[in-house]
*Asks:* 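Sharing a structure here in structure tokens format.
Order of the sequence lines sets the chain letters (A, B, ...), proteins ahead of strands, with each chain counted from 1.
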Protein chains: 2
Amino acid sequence: MPEQHYPEVRALGLFSGMTDENFFALMRGAYVQNFPPQIELISEGEPSDFLHVVLSGSVDLFSQWNGRDTSLATVRPISTFILAATIKNAPYLMSARTLEKSRIVLIPSQDVRSTFDADGTFARAIVTELAQCYRSVIKAQKDLKLRSSLERLANYLLRQQKRAGGSAAFDLDFEKRRLASVLGMTPENLSRAFKGLQPYGVSVEGTRITINDQPDLERFAKPNPLIDDSST
Amino acid sequence: MPEQHYPEVRALGLFSGMTDENFFALMRGAYVQNFPPQIELISEGEPSDFLHVVLSGSVDLFSQWNGRDTSLATVRPISTFILAATIKNAPYLMSARTLEKSRIVLIPSQDVRSTFDADGTFARAIVTELAQCYRSVIKAQKDLKLRSSLERLANYLLRQQKRAGGSAAFDLDFEKRRLASVLGMTPENLSRAFKGLQPYGVSVEGTRITINDQPDLERFAKPNPLIDDSST
DNA sequence: TTCGACACTTGATATTTGTCAAGCGGTGAA
DNA sequence: TTCACCGCTTGACAAATATCAAGTGTCGAA
């Protein structure tokens with residue numbers, strides 16, 4: 001892997017604490033690759049040969065069963081995915097595909113596991129990362145089980161607004177069909193859900209969303225830090 | 001904590017690899033407590049003061065929002081819960097209540113975190129445990145997003161049957177209202193779902209389930225190791 | 001033994017969500 | 001420029017799921 005990428009990978013919480021020696025050893029076996037959009041990087045069920053780090057672009061994690069499919073998460077720079085499978089040396093539970101042109105680091109899982117055994121600092125960093133991931137999924141689970149689709153959309157918009165800087169108008173960061181899948185509904189229903197939020201001051205123009213009456217939307221959405229805060 | 005409980009706690013994957021010294025240090029600050037049924041042990045949003053270990057009985061992890069509530073998991077001996085919150089020193093995302101009379105070890109979270117910083121073996125054990133938990137939630141997420149309630153029930157029965165030893169008849173291990181909540185449906189719909197599985201050879205008598213035609217049920221349920229296997 | 005609480009069931013009905021088919025509008029290639 | 005494609009929307013309809021209101025049966029306490 002070209003050394004020019006070392007700093008950005010090294011800056012990740014996962015790698016920042018470990019010794020230079022172990023970091024370089026990990027990077028020696030790694031390589032960087034550019035992928036065009038819509039490439040399936042991994043398929044669920046396959047053995048987990050590499051830990052992946054997204055340097056640029058974005059990656060969709062999804063899963064299929066019995067002819068249906070659903071998006072479970074989107075990975076944006078700079079972060080890793082399929083860490084749990086790598087650690088457990090177990091098959092991937094999700095498939096991954098690039099959404100756009102993406103640059104991705106591939107670190108052999110075996111190297112990650114041996115470094116993890118040898119470097120306590122690295123092991124602890126992995127714990128922190130995994131705990132974060134775990135809590136994110138729990139939140140998603142609560143979102144799905146406790147809220148209707150309209151409520152999920154409303155809260156998603158509030159989260160996205162905050163992520164985009166907090167101003168009333170902002171852009172969705174991926175296409176609506178995928179948003180629908182992430183939120184656990186059909187594209188048709190997402191369309192209707194947007195209309196259902198009009199009475200609360202939400203207007204939509206293509207991918208541009210405007211929240212005209214934030215307090216009103218929040219009264220409806222009832223956002224909750226134990227579901228909607230990404231940090232805690 | 002009385003030393004009589006040391007061996008069963010020590011036998012947990014989480015604690016089995018660490019040094020005696022660190023283990024005893026952890027146990028010194030811990031204590032064992034007996035709880036009657038239906039006691040709320042922790043409430044979501046509270047700071048995570050203790051890592052919990054269930055020695056006997058069972059514990060329901062649930063969450064509430066806007067007047068609704070849902071069961072997310074059941075913890076059975078011998079295992080821990082709210083590990084992620086303990087590690088991250090973050091508020092609980094779920095509440096916990098005893099389902100029956102239960103004996104539970106409480107280990108101060110601060111002790112867990114400092115031992116985790118000091119003992120690489122312990123840190124690695126935590127990683128393994130967390131990765132396991134993470135993958136379980138991902139599977140639950142896929143179950144919920146990819147399957148109808150009837151399919152979820154069918155697969156649940158097949159999993160439960162396997163857990164109970166594989167014979168055609170077995171008992172549900174908790175009451176139906178809670179099963180409904182775990183499966184993400186109402187008790188009324190669970191009743192109807194059981195009827196809906198009759199054509200596939202499922203009969204119900206109280207908590208006793210009989211699967212008369214397993215291949216037929218499996219043809220309907222399409223169980224998938226990437227959703228239904230607890231081990232991988 | 002009787003009574004009441006409670007979990008479970010059942011039926012009728014309402015709401016939510018999905019499906020199918022059609023149309024609209026933008027984009028990119030010929 | 002034209003046209004085919006594709007994502008999005010809309011409407012009509014169907015299916016899944018929830019809600020409400022009885023009813024049934026069991027179990028434990030008085």
Side-chain angles (χ1 to χ4, degrees), chain A residues 36-38 60 64-71 97 99-101 143-157 171-199 202-209 220-221, chain B residues 36-38 60 65-71 97 99-101 143-157 171-200 202-209 220-221:
Chain A
Q38 305 300 335
D60 181 37
Q64 304 177 295
W65 179 80
N66 197 24
R68 290 160 236 176
D69 69 297
T70 188
S71 282
R97 75 184 140 219
L99 289 170
E100 47 193 318
K101 193 164 165 300
D143 192 45
L144 210 55
K145 289 186 80 174
L146 290 167
R147 289 171 171 166
S148 71
S149 61
L150 201 59
E151 291 164 338
R152 289 199 297 278
L153 176 59
N155 281 291
Y156 174 83
L157 292 180
D171 284 305
L172 295 175
D173 58 353
F174 40 65
E175 52 180 11
K176 290 180 184 169
R177 53 177 18 245
R178 256 182 31 76
L179 175 57
S181 183
V182 169
L183 293 177
M185 51 190 183
T186 58
E188 292 97 325
N189 262 325
L190 177 61
S191 258
R192 293 176 188 119
F194 273 122
K195 290 210 152 176
L197 290 180
Q198 274 179 13
V202 174
S203 45
V204 185
E205 258 187 72
T207 68
R208 187 137 197 95
I209 309 292
F220 170 74
Chain B
Q38 304 302 333
D60 181 38
W65 180 79
N66 197 24
R68 290 160 237 177
D69 70 296
T70 188
S71 283
R97 74 184 141 219
L99 289 169
E100 48 193 316
K101 194 164 166 298
D143 191 46
L144 210 55
K145 290 186 80 175
L146 290 168
R147 288 170 170 166
S148 71
S149 61
L150 201 59
E151 290 165 338
R152 289 199 296 279
L153 176 59
N155 281 291
Y156 174 83
L157 293 180
D171 283 307
L172 294 175
D173 59 353
F174 40 65
E175 52 179 11
K176 291 181 184 171
R177 56 183 5 249
R178 256 180 31 77
L179 174 56
S181 183
V182 168
L183 293 177
M185 52 187 176
T186 59
E188 291 97 325
N189 261 326
L190 178 60
S191 257
R192 294 179 187 117
F194 273 122
K195 290 210 152 175
L197 291 180
Q198 274 179 14
Y200 302 99
V202 174
S203 45
V204 184
E205 261 186 69
T207 67
R208 187 139 198 94
I209 308 294
F220 170 75

*Asks:* Determine to 10° how strongly the helix from C:dT1-D:dA30 to C:dA30-D:dT1 is bent, judged from the axes of its five-pair ends.
*Replies:*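 Here the local axes at opposite ends form an angle of 30°.
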*Asks:* Check whether any side-chain heavy atom of A:L172 lies under 4.5 Å from a side-chain heavy atom of A:L157, and answer yes or no.
*Replies:* yes
*Asks:* Give me the ring orientation class for B:Y200 and B:F220: parallel if the planes are under 30° apart, tilted from 30 to 60°, perpendicular past 60°.
*Replies:* parallel
*Asks:* On DNA chain C, reading 5' to 3', which nucleotide is the first and which the last to sit with an atom under 4.0 Å from a heavy atom of chain A, could you check?
*Replies:*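 The footprint of chain A covers C:dT17 to C:dC20.
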*Asks:* Testing the basics here: between B:L99 and B:Q38, what is the closest heavy-atom pair and its distance to 0.1 Å?
*Replies:* O-NE2, 3.9 Å
*Asks:* Not counting sequence neighbours, which residues clear side-chain hydrogen bond (donor to acceptor under 3.5 Å, both in side chains) with A:K145? List them please.
*Replies:*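 A:K145 satisfies side-chain hydrogen bond (donor to acceptor under 3.5 Å, both in side chains) with B:T70 only.
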*Asks:* Name every donor-acceptor pair, under 3.5 Å, that has one atom in a side chain of residues 184-197 of chain B and the other anywhere in the protein, sequence neighbours excluded.
*Replies:*
from	atom 1	to	atom 2	distance (Å)
B:T186	OG1	B:N189	N	3.2

*Asks:* Heavy-atom distance under 4.5 Å between the side chains of A:Y156 and A:L179, does that happen here?
*Replies:* yes
*Asks:* Does the side chain of B:L153 reach to within under 4.5 Å of the side chain of B:L183, using non-hydrogen atoms?
*Replies:*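 The answer is yes, as the side chains (C-beta and beyond) meet within the 4.5 Å cut-off.
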*Asks:* Does B:Q198 have any side-chain hydrogen bond (donor to acceptor under 3.5 Å, both in side chains) partners at least two apart in sequence or in another chain, and if so, which?
*Replies:* none
*Asks:* Determine, for nucleotides 5-17 of chain D in 5'-to-3' order, which nucleotides have protein heavy atoms under 4.0 Å from the base (write B), from only the sugar-phosphate (write S), or from neither (write -).
*Replies:* --SSSBBB----S
*Asks:* What's the shortest heavy-atom distance between B:A221 and B:N155, and which atoms?
*Replies:* O-ND2, 3.0 Å
*Asks:* Please report the closest heavy-atom contact between A:L146 and B:W65, naming both atoms and the distance.
*Replies:* O-CE3, 3.6 Å
